[in-house]
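Have a look at the structure below before the remarks.
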Amino acid sequence: MQPFILNFQDIDKTTEALVGGKGLNLGTCSKIAGVLVPPGFCLTTEAYKKTLAENSEFNQLLQHLSLLKTSDSDSIREISATIRTLIQNIDIAPEILDAIDASLLDLGEHEAYAVRSSATAEDLPHTSFAGQHDTYLNIIGRDEILLHISKCWASLFTERAIIYRIQNQFEHSKVQLAVVVQQMIFPDASGILFTADPITSNRKSLSIDASFGLGEALVSGLVSADSYTVQENTITNKIIATKKLAIYSIKEGGTETHQLEETQQTKQTLTDSQILQLAKLGREIEAYFGKPQDIEWCLVGDTFYIVQSRPITTLYPIPEVNEPGNRVYISVAHQQMMTDAMKPLGLSFYLMTTPASMYTAGGRLFVDITQSMSSPATRDMMVNSLGQSDPLIKDALLTVINKKDFLQTLPVETTNSKVAAPGKPPVRNVPDPAIVFDLVKNSENSIKQLQQTIKTKNGSDLLDFIAEDLAELKNVLFNPTSIDAIMAGMDASAWLNEHVYEWLGEKNVADKLSESAPNNITSQMGLELLDVADVIRPHPAVRAYLEQTKDPHFLNELATLEGGTAVKKALDDYLQKYGMRCAGEIDLTKTRWMENPLALLPLILSNIKNFEPGASKHKFEQGKKEAASKEREILERLQQLPDGAKKAAEVKTKIDILRNFIGYREYPKYGMINRYFIYKLALLRAGEQLVQNGALHEKEDIYFLYFDELRAVAHTNQADYELINQRKSDFTSFEKLTPPRILTSDGEMINGKYKRENLPEEAILGLPVSSGTVEGRARVILNMEKADLEDGDILVTAFTDPSWTPAFVSIKGLVTEVGGLMTHGAVIAREYGLPAVVGVENATKIIKDGQQIRINGTDGNIEILD
């Protein structure tokens with residue numbers, strides 16, 4: 001039988017299930033040389049279980065609680081009150097009381113104590129549960145201690161704790177509570193120490209909050225605290241707060257709030273030497289735990305006591321790179337318009353595809369740009385080229401450059417006449433327009449060959465084959481001619497915007513000139529879904545069925561309905577061409593439309609409701625007419641200028657290049673995602689075989705292995721489930737994180753700021769990527785499968801990748817939190833003629849669903865009109 005009591009010195013990692021997170025961390029801290037922890041003991045979860053496990057009423061309430069959602073607030077409130085009353089009235093078993101009495105006798109029965117909750121789901125690396133369970137201070141006497149032990153147990157079922165568990169998907173029955181009973185410290189001052197900056201995530205910046213008396217005043221928000229920042233044993237910043245109140249213990253037990261004398265209110269809580277002493281102590285504790293810590297401390301005289309230490313759960317991870325010196329990393333997520341966390345298998349495929357120096361952190365990918373940022377020859381080019389597509393990244397990079405002594409400047413390399421001048425991109429060839437057809441045909445043939453060959457491969461041979469085929473994928477993606485074709489369109493767009501603005505004063509003219517450009521596989525995908533709607537529209541039985549079905553295999557039922565055969569063929573044809581796509585498609589593990597066609601139904605039904613038959617052709621032709629009209633207008637205006645004939649001829653050449661090549665920019669990624677889906681289906685087949693062989697529990701467990709690890713499993717038929725389960729836990733925590741645009745090796749997250757003037761009052765700033773001004777109803781949508789759009793809505797979302805394109809046909813404007821001038825959403829918005837503003841920080845939180853807004857895609861701002 002497990003013990004009811006464990007002293008701090010008896011607690012270690014093996015007893016975590018008995019003492020909970022807080023108990024474990026206190027036990028660990030008590031063993032660190034030079035760290036003082038007030039003595040105490042932990043009443044283990046064994047006591048909690050013995051008291052409650054056999055109570056039938058408690059178990060029935062727990063069962064009922066497990067069925068509730070966060071929206072069931074009335075039921076949560078009622079059950080919460082019932083359970084807490086029940087717990088506080090249950091008698092504690094005599095053997096538990098004997099163990100408590102013996103421990104109190106060892107500590108000194110008449111001392112005052114702190115009684116603290118320590119749940120088994122508390123102070124975890126990924127979920128802190130901070131503040132969810134109760135702590136009681138200055139508890140005096142055996143009966144009061146027993147009462148507050150019961151109160152701690154009951155605090156496991158406060159409304160806030162119940163809701164927190166539901167939100168974080170913790171089963172109520174799996175979380176148990178230990179109670180820490182610890183001798184009370186009566187501090188002169190107390191506070192919180194973060195060994196890494198909790199706002200910027202900088203691991204070299206240590207932050208201390210300090211106030212007089214007990215720390216409860218600070219934690220509860222009753223007082224403002226002094227704030228001190230320390231870096232490398234130097235105090236770099238001090239903010240001395242006006243501290244009007246403090247909480248102190250009282251003789252009879254409990255605490256009370258005191259008004260501080262005026263002379264003390266503005267006094268620095270800790271002296272400079274005490275700040276540095278505490279910072280040193282914090283670094284020692286951090287080193288012992290091996291990760292940044294959130295530490296609660298008390299000061300008595302000149303002695304610091306530690307009353308809690310837990311991991312900081314909100315820090316963004318740092319890439320693990322074995323390179324010397326400070327490093328700078330740029331987010332791939334913001335370039336690819338997919339900021340969701342990726343699973344290991346998806347990460348490894350992207351890493352195997354790219355030639356860049358790319359690393360993982362927090363389930364996302366980052367490129368190490370330190371070398372380029374350290375060289376004057378390449379720094380300006382990088383900052384300016386990235387800044388052109390995303391000003392926030394430019395500002396973030398300038399912040400890094402201006403950090404004193406952060407980057408070592410490399411000597412300027414000698415250049416030759418063939419290399420572009422510093423700060424200027426290389427000059428590229430413009431290929432023959434006919435090459436686009438050849439590039440597309442070569443990619444299609446390569447994919448057909450892969451589909452045929454991969455069917456013949458199984459087991460470890462399949463994994464070996466995929467590793468070899470990735471070389472072919474890279475040949476297709478990084479074909480120099482293909483890159484020249486992509487850059488030709490992008491360079492022409494930049495040239496037109498620059499020169500037409502200089503000559504005619506018109507901004508972003510390439511946006512209108514790009515409408516309905518040919519050879520854009522992504523914009524075709526959106527238009528062809530309108531054609532699918534045309535097939536469904538004449539068949540009311542099919543439409544009614546699609547409006548109510550939740551069956552992912554609904555295609556199989558269509559043949560039983562009038563008109564269903566034709567509809568099924570239209571959908572099958574669409575999925576054969578585009579079914580490999582989905583939201584977040586660069587992650588190979590994501591569910592594709594082919595695997596769950598339900599994802600397309602809201603958009604199809606919206607198309608039926610919002611458009612007339614033939615809308616696909618009409619929209620494309622209308623775009624071509626508007627682009628041609630804009631071209632004529634621009635050329636006519638240029639002809640009126642001095643040297644106008646030459647200017648017009650130059651512009652005409654660039655417009656032709658733009659329209660020939662800008663659509664092709666979308667094709668290489670389409671080919672890559674096509675290939676990824678073929679790999680995925682084959683790997684799932686391999687996963688099924690590994691399940692049959694007993695190596696894996698579920699075929700989808702392959703998603704939590706990197707490709708080389710999966711190859712090893714295929715060769716040995718053995719999988720490390722401790723690793724797989726840890727990866728699943730990590731992924732759950734990574735999903736909650738927001739990746740920064742720029743990350744340093746110090747862990748500092750830098751996102752940048754817009755710098756613009758002469759904007760409408762209270763305008764929300766973003767990056768203009770598709771010209772025009774439009775007003776409409778904001779539809780804040782985070783999941784494309786819930787995209788209930790009406791004609792004329794303005795879509796507001798976190799990010800869009802090609803899978804969102806079918807939604808673009810129904811809207812008249814676009815706002816995203818992430819994006820750049822040449823990301824997919826921006827390119828398609830221009831081709832569809834939609835005003836668009838991207839890179840809008842927290843757009844989905846600031847803008848409310850249903851609000852009337854005005855977006856200016858020319859100047860890059862949004863106004864809320866109601």
Between Asp368 and Ser357: side-chain donor-acceptor atoms closer than 3.5 Å: no
Short side-chain donor-acceptor distance under 3.5 Å, Asp746 and Thr744: no
Partners meeting side-chain contact (heavy atoms from CB on, under 4.5 Å) with Gln335 (sequence neighbours left out): Ile330, Leu386, Ile393
Note, Val840 side chain near Glu817 side chain (heavy atom, < 4.5 Å): no
The single option from Asp791, Asp788, Asp793 passing salt bridge (Lys or Arg N to Asp or Glu O under 4.0 Å) against Arg777: Asp793
Inter-residue atom distance Gln293.CD - Glu286.CD, 0.5 Å rounding: 7.5 Å
Check: Tyr350/Gln336 side-chain N/O donor and acceptor closer than 3.5 Å: yes
Short side-chain donor-acceptor distance under 3.5 Å, Ser803 and Asp801: yes
Lys669 side chain reached by Glu585 side chain, heavy atoms, under 4.5 Å: yes
Heavy-atom side-chain contact between Ile853 and Leu865 under 4.5 Å: no
Heavy-atom side-chain contact between Leu795 and Ile781 under 4.5 Å: yes
Short side-chain to backbone donor-acceptor contact, Ser331 and His334, under 3.5 Å: yes
Any donor-acceptor N or O pair under 3.5 Å, side chains Ser514, Glu831: no
Over 12 non-hydrogen atoms of neighbours within 6.0 angstrom of NZ in Lys753: no
Polar contact flag, side-chain donor to acceptor under 3.5 angstrom, Thr353-Tyr676: yes
